[in-house]
Peer 1: 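My questions will all concern the structure given below.
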Amino acid sequence: MADRLRFAVLGPVRAWRGDGELRLGAPQQQAVLSALLLREGVAASPAELIDTLWEHDVPASAEQVLRTYVYRLRKALGPVDGEPAIVSVGSGYLIRTGAENLDLAAFREGVRAAQEMASAGELVGAVARYDEALALWHGTPLAGVPGESVAAQRRHLELQRLGAVEAKVVAQIDLGDHADAEAVLTELIRQFPLNERFRELLMLSLYRHGRQSDALALYRTSQELLSEELGVDPGHGLRTMQERILRADPTLLPGEKPRQPEKRREQAVPVPAQLPADLRGFTGRTDELAAADELLAVDGAVVITGMAGVGKTAFAVHWAHRIADRYPDGQIYLNFRGFDAARPPLTAEEALGAVFDSLGVRPERVPADPDRQAAYLRSLVAGRRMLFVLDNVRDIEQIRPVLPGGDSFVIVTSRHQLRALAVTEGAALIELDVLPAADAVCLLARRIGSERGVEDLAAMEAIVDWCGRLPLAIAVIAARVAVTSHSDLVEILTQLRAEGSPFDALTEVDAVVDVRSVFSWSLKALSPKATDLFRLLALTRSLTWDEHTAASLTGLPITVVRRTLAELLSANLIAAYGPGSYTFHDLTRLYATELAEALPQEERRAAIHRLLDHYVLSGQNAEARLNPTRRPIEPLTPCPGAVVREFNRHDDAWAWFATHREALQSAQALALEEGLDEYVWRVSWLLQTYLARVGHWRQALALEKTALIALERLDAPQLVARTLNSIGRLYSEIAENDAALEHLNRAVDLFLNEADDPEGAASTSINLGSLLADLGRNEESIRANERVLELTTNETLCSKALNGLGIVHVQRGEYRQALELSAAAVRRSRTAGDRYSEGKAYSCLGTAHHELGQYADAVRCLRRSVELFQAIGDDVNRADSLWHLGDSLLAAGDESSARDAWTISAEILARVDPAAAEPVRERLLRLPVTSS
């Protein structure tokens, strides 16, 4: 139609009716139009549009202003097919768009077509389609539209463009068009010098172009640059490319099939690779695998279903490894524990949190509303090809919010068929039955050794028949057979038949005692120590454990426990989970839990005390390394046999918390269930620093609320006040400010009036002052910080209070007063040896100097702040100081150093939360392009 309405966002935001361009009004009005266009036909609520317009300080008239913008846009755009271009849907709005009237949709459709052509080997056509798609770009996307959320969208769009450019270059390299590919890659490296993927592709093109020495020279310069700028070695991709070039790997040449996929699009967030290890000796399932492969082209989700023990997880993981290279943007694995007797099922909220964590999203960026969380996930993975393996699902409601949509693929395993998933999401169903007889015999032969299996094929067939050809039962029996070299298969079969059938309960899909007699028989071959450990491990409640946990449960020396774990591992009663860690299979966990319930009460209680002592005392040592100036708690005396870990380095302590967080949370639940209140609050206390530094405020808050219940039973007013202080601080982090103020004020009152602890009141007043400053209540914030100085002479607390006062004066524009206060904070934090507080004080000093135009002093202070945060491993605050350092360097005329500071800041923030990096990326994009 001659008067068709068209839109563009891949450059300045523009609209046309026919050939005539339309006037779109003020920048904020354009922001409303942009937000609607970017949703590509999905309605936006008023709240979402208001968030786009005002990230902070939303005016009371926001909804009225929004309606005015919508009215003006409707007037400017005119009608479409007799209705407004912006359609009202409930209380929200949408614009109907597609590839025919929106350049972004046309770009994505072109890229998708090019990808399909490239996958089919039509490389010339693919390059042409990439060129057509890229020709739709006309500068910076959404140019001129203000706002932080728009900046985040702008960066996301830029990443899509870079992904298309990279895909085009890959096709050109495969075509042999090296000159053009090398020119493009050289320019990309000039713009993004720290992007290793572009360097890896240029090395490949140079090598194929007959320029091997240039390719290796590029690796050396890349190695030097990464070492100098970031202090790191080249990543796996670059190193592997160099190694393959050095050994003249024939798969680098066109026409050869590479062993590993060459293509991996550069991401601004971590690329998760979470698939569990593939099962060695996976056998059979040929028909099912072929059927599954056919579904890849037509479905976005597949449910693998069947009875307990039939091998659903093994099949799903094996298939996922086969197809992982089709999903270069990452593979996510989640165990939903739908049939776990020892631990509750994973909730949808917990699953979403785990996925956001895997994608590098900081918790405070996640919407509070569950529906918006699900929508946010779909937005995050839009345009990416990711593989999700959702294991052990009980019902569809567990996983519905985690379903990503788009170009991603989902593999679900469940004992239930989840037919509702087929109805609502179009999922296909693959039902696994027991193995065919030949495959079952092959599985047993592989497990016990093919030489041994030859001795009596008839006995092997009888054994797998007795097992019902169920893979789990075969694996357990095979472990027993493999360690009983003195018994022939006929004798073993006789013993098995004497046990009776282990599979009667398998006629009920949800049975939990299906192979009890098999497990019991398998345990008889173990040493007494292994049998005891198997029972005790069920007390951990955590998904995984290590040798120190096992040693604490048993009270045995580490050397003995290592051998015992190896015995359980070889018997297939536990499985290796990762380096140095172990886990149960679902059904072995159930059986171990049954045995643990039968333990004598005294033995069970002693093991739990040793376990909790191990976690709490090791955790306190790790916490002391992470936060050495934190006020300590009264230590416990460990039970004999409890292993207490020591940590000599900050990094070791951090790694321990990272791998034991889930175990520690499970330990608190165990202590609560056992009525061991002393451990309940201690577990929460020792996790607070780690959880704060990784931004898991809600997890920390839940732990502290549980701790508060235990402490109120213990009648410990000082510890109650400490916990109220912590809860108040955590509420402030998630912006529940009324609750934060209530808990902080209660804590101050309790410290002063019941606990007689003025230092505790001072510590709480620091948190109160910070919150009040954030709320703009500067006079109250000043009083709170001044109260700290009246209550205590503690150098760390006084330093924090002085810097808190400095921050308030910066907010009020009183920069010279801020300089005096933060300089005093630096001196006192140095005296205390508190590098964290010193880094914060130098950051405030730098900000004040910058505002006064004293850029050289600002650079000096901010560089010191960066050094201090780097020394304690606090990357988030280091990135923040680098951000401000870049501002001051640019103001001082040092554009090159500003670029370096912002580049490192953006790299750090992108790993934590891509959206947090956007303001820094914007600064980088505004810098003029330097000549090479």
Peer 1: At what distance, to the nearest 0.5 angstrom, does CZ of Phe336 lie from CD of Gln398?
Peer 2: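 Phe336 CZ to Gln398 CD: 6.0 Å, rounded to 0.5 Å.
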
Peer 1: Taking only residues two or more places apart in sequence or in another chain, which ones pass salt bridge (charged side-chain N to carboxylate O under 4.0 Å, His left out) with Arg285?
Peer 2: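 Result, salt bridge (charged side-chain N to carboxylate O under 4.0 Å, His left out) vs Arg285: Glu288.
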
Peer 1: Do Ser581 and Asp546 have side-chain N/O donor and acceptor atoms under 3.5 Å apart?
Peer 2: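 No donor-acceptor contact under 3.5 Å links the two side chains.
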
Peer 1: Roughly how far, to the nearest 0.5 Å, is the CG atom of Leu611 from the OG atom of Ser542?
Peer 2: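 Here the rounded value is 8.0 Å.
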
Peer 1: Pro557: what forms a side-chain contact (heavy atoms from CB on, under 4.5 Å) with it, not counting sequence neighbours?
Peer 2: Thr559, Val560

Peer 1: Under a 4.5 Å cut-off applied to non-hydrogen side-chain atoms, are Ile430 and Leu432 in contact?
Peer 2: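 Answer yes - side chains close enough.
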
Peer 1: Mind checking ring-ring contact (aromatic ring centres under 6.0 Å, His included) for Trp319 and listing every partner two or more places apart, or none if nothing turns up?
Peer 2: Phe409

Peer 1: Which residues satisfy the side-chain contact (heavy atoms from CB on, under 4.5 Å) test with Ala622, sequence neighbours excluded?
Peer 2: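 If we apply the side-chain contact (heavy atoms from CB on, under 4.5 Å) test to Ala622, skipping adjacent residues, the hits are Phe647, Ala653, Trp656, Phe657.
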
Peer 1: Kindly give the heavy-atom pair with the smallest separation between Glu662 and Thr544, and that separation in Å.
Peer 2: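 Taking every non-hydrogen atom into account, OE1-N, 4.3 Å.
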
Peer 1: A side-chain contact here means heavy atoms from C-beta on lying under 4.5 Å apart; do Asn392 and Arg337 qualify?
Peer 2: no

Peer 1: How would you list, by chain and number, every residue that makes a salt bridge (charged side-chain N to carboxylate O under 4.0 Å, His left out) with Glu673, sequence neighbours excluded?
Peer 2: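 Only Arg541 meet the salt bridge (charged side-chain N to carboxylate O under 4.0 Å, His left out) criterion with Glu673.
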
Peer 1: Are the charged groups of Glu567 and Arg563 less than 4.0 angstrom apart, N to O?
Peer 2: no

Peer 1: Under a 4.5 Å cut-off applied to non-hydrogen side-chain atoms, are Asn621 and Arg645 in contact?
Peer 2: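 The answer is no; the side chains never approach within 4.5 Å.
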
Peer 1: Could you please spell out the steps behind the side chain to side chain contact (heavy atoms under 4.5 Å, CB included) verdict for Leu346 and Asn335?
Peer 2: CA-CA 8 Å; Leu346 193 71; Asn335 182 358; over 6 Å; no

Peer 1: Using residues 347-356 as the side-chain source, report each donor-acceptor pair under 3.5 Å to any protein atom, sequence neighbours left out, with the distance given to one decimal.
Peer 2:
{"residue": "Thr347", "atom": "OG1", "partner": "Glu350", "partner atom": "N", "Å": "3.0"}
{"residue": "Thr347", "atom": "OG1", "partner": "Glu350", "partner atom": "OE1", "Å": "3.3"}
{"residue": "Glu350", "atom": "OE1", "partner": "Thr347", "partner atom": "N", "Å": "3.0"}

Peer 1: Enumerate the residue pairs fulfilling salt bridge (Lys or Arg N to Asp or Glu O under 4.0 Å) with a member in residues 547-560, sequence neighbours excluded, ordered by first and then second residue.
Peer 2: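 Qualifying pairs, neighbours excluded: Glu547-Arg562.
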
Peer 1: Evaluate Glu674 against Arg605 for salt bridge (charged side-chain N to carboxylate O under 4.0 Å, His left out), listing each step before the verdict.
Peer 2: CA-CA 9 Å; Glu674 296 291 320; Arg605 193 76 165 180; 3.0 Å; yes

Peer 1: What's the shortest heavy-atom distance between Ile332 and Pro272, and which atoms?
Peer 2: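 The answer is CG1-CG, 3.7 Å.
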
Peer 1: Give me the atom names and distance for the closest heavy-atom approach of Leu275 to Ala324.
Peer 2: CD1-CB, 4.3 Å

Peer 1: Do Thr689 and Glu623 have side-chain atoms, one donor and one acceptor, less than 3.5 Å apart?
Peer 2: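 Thr689 vs Glu623: donor-acceptor pair found between side chains.
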
Peer 1: Under the side-chain hydrogen bond (donor to acceptor under 3.5 Å, both in side chains) criterion, do Asp278 and His318 qualify, and how do the steps go?
Peer 2: CA-CA 5 Å; Asp278 198 2; His318 180 73; 3.0 Å; yes

Peer 1: The criterion is side-chain contact (heavy atoms from CB on, under 4.5 Å); which residues satisfy it with Leu691, sequence neighbours excluded?
Peer 2: Arg661, Leu687, His696, Gln699, Ala700, Leu703

Peer 1: Restricting to ring-ring contact (aromatic ring centres under 6.0 Å, His included), what partner residues turn up for Tyr333, sequence neighbours left out?
Peer 2: none

Peer 1: Could you go step by step and tell me if Glu704 and Ser684 meet the side-chain hydrogen bond (donor to acceptor under 3.5 Å, both in side chains) rule?
Peer 2: CA-CA 6 Å; Glu704 286 289 64; Ser684 179; 2.5 Å; yes

Peer 1: Is there a side-chain contact between Leu553 and His548 (heavy atoms, below 4.5 Å)?
Peer 2: no

Peer 1: With sequence neighbours excluded, tell me which residues meet salt bridge (charged side-chain N to carboxylate O under 4.0 Å, His left out) with Arg239.
Peer 2: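 If we apply the salt bridge (charged side-chain N to carboxylate O under 4.0 Å, His left out) test to Arg239, skipping adjacent residues, there are no hits.
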
Peer 1: Under the side chain to side chain contact (heavy atoms under 4.5 Å, CB included) criterion, do Leu387 and Ile411 qualify, and how do the steps go?
Peer 2: CA-CA 8 Å; Leu387 179 63; Ile411 302 172; 4.1 Å; yes

Peer 1: How close do Leu670 and Leu539 get, counting heavy atoms only, and between which atoms?
Peer 2: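 Scanning both residues completely, I find the closest heavy atoms to be CD2-O, 3.5 Å.
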
Peer 1: In Å and rounded to the nearest 0.5 Å, what is the CG to CG distance from Leu556 to Leu533?
Peer 2: 8.0 Å

Peer 1: Please find the pair of heavy atoms, one from Arg610 and one from Ala642, that lie closest to each other, and give the distance.
Peer 2: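 Looking at all heavy atoms of both residues, the closest pair is O-CB, 3.6 Å.
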
Peer 1: With rounding to the nearest 0.5 angstrom, report the CG to CG distance, Asp439 to Leu444.
Peer 2: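 Interatomic distance, Asp439 CG to Leu444 CG, rounded to 0.5 Å: 12.5 Å.
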
Peer 1: So, does His650 use its side chain to make a donor-acceptor pair with the main chain of Ala871 at under 3.5 Å?
Peer 2: no

Peer 1: Walk me through it: do Phe534 and Phe584 pass the test ring-ring contact (aromatic ring centres under 6.0 Å, His included)?
Peer 2: CA-CA 10 Å; Phe534 180 75; Phe584 278 120; 5.7 Å; yes

Peer 1: Give the minimum heavy-atom separation between Leu543 and Arg589, together with the two atoms involved.
Peer 2: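 Scanning both residues, the minimum pair turns out to be O-NH2, 3.5 Å.
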
Peer 1: Which pairs with one or both residues in residues 593-616 pass ring-ring contact (aromatic ring centres under 6.0 Å, His included), sequence neighbours excluded?
Peer 2: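 Matches after skipping sequence neighbours: His609-Tyr679.
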
Peer 1: Under the criterion side chain to side chain contact (heavy atoms under 4.5 Å, CB included), I'd like the reasoning laid out for Gln331 against Val389: C-alpha separation, chi angles, the key distance, then a yes or no.
Peer 2: CA-CA 8 Å; Gln331 305 89 41; Val389 179; over 6 Å; no

Peer 1: To the nearest 0.5 Å, tell me how far Leu568 CG sits from Ile574 CD1.
Peer 2: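 One gets 5.0 Å once the value is rounded to the nearest 0.5 Å.
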
Peer 1: Rounded to the nearest 0.5 Å, what separation is found between the CG atom of Asn627 and the CG atom of Leu686?
Peer 2: 12.5 Å

Peer 1: Is any side-chain heavy atom of Leu714 closer than 4.5 Å to a side-chain heavy atom of Leu719?
Peer 2: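 Not touching, per the 4.5 Å side-chain cut-off.
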
Peer 1: Would Asp391 and Thr313 satisfy side-chain hydrogen bond (donor to acceptor under 3.5 Å, both in side chains), going step by step from the backbone distance to the final call?
Peer 2: CA-CA 7 Å; Asp391 200 12; Thr313 297; 2.8 Å; yes

Peer 1: So Val412 and Val302, side chain to side chain contact (heavy atoms under 4.5 Å, CB included) or not? Walk me through it.
Peer 2: CA-CA 6 Å; Val412 180; Val302 169; over 6 Å; no

Peer 1: Can you sort out the partners of Arg535 under salt bridge (charged side-chain N to carboxylate O under 4.0 Å, His left out), two or more places apart, ordered by chain and number?
Peer 2: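 With neighbours one apart ignored, the set is Asp532.
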
Peer 1: Considering only heavy atoms from C-beta outward, does the side chain of Val393 approach that of Thr413 to under 4.5 Å?
Peer 2: no

Peer 1: Is any side-chain heavy atom of Leu565 closer than 4.5 Å to one of Trp545?
Peer 2: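 Yes, close enough: below the 4.5 Å cut-off.
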
Peer 1: A side-chain contact here means heavy atoms from C-beta on lying under 4.5 Å apart; do Leu636 and Val616 qualify?
Peer 2: yes

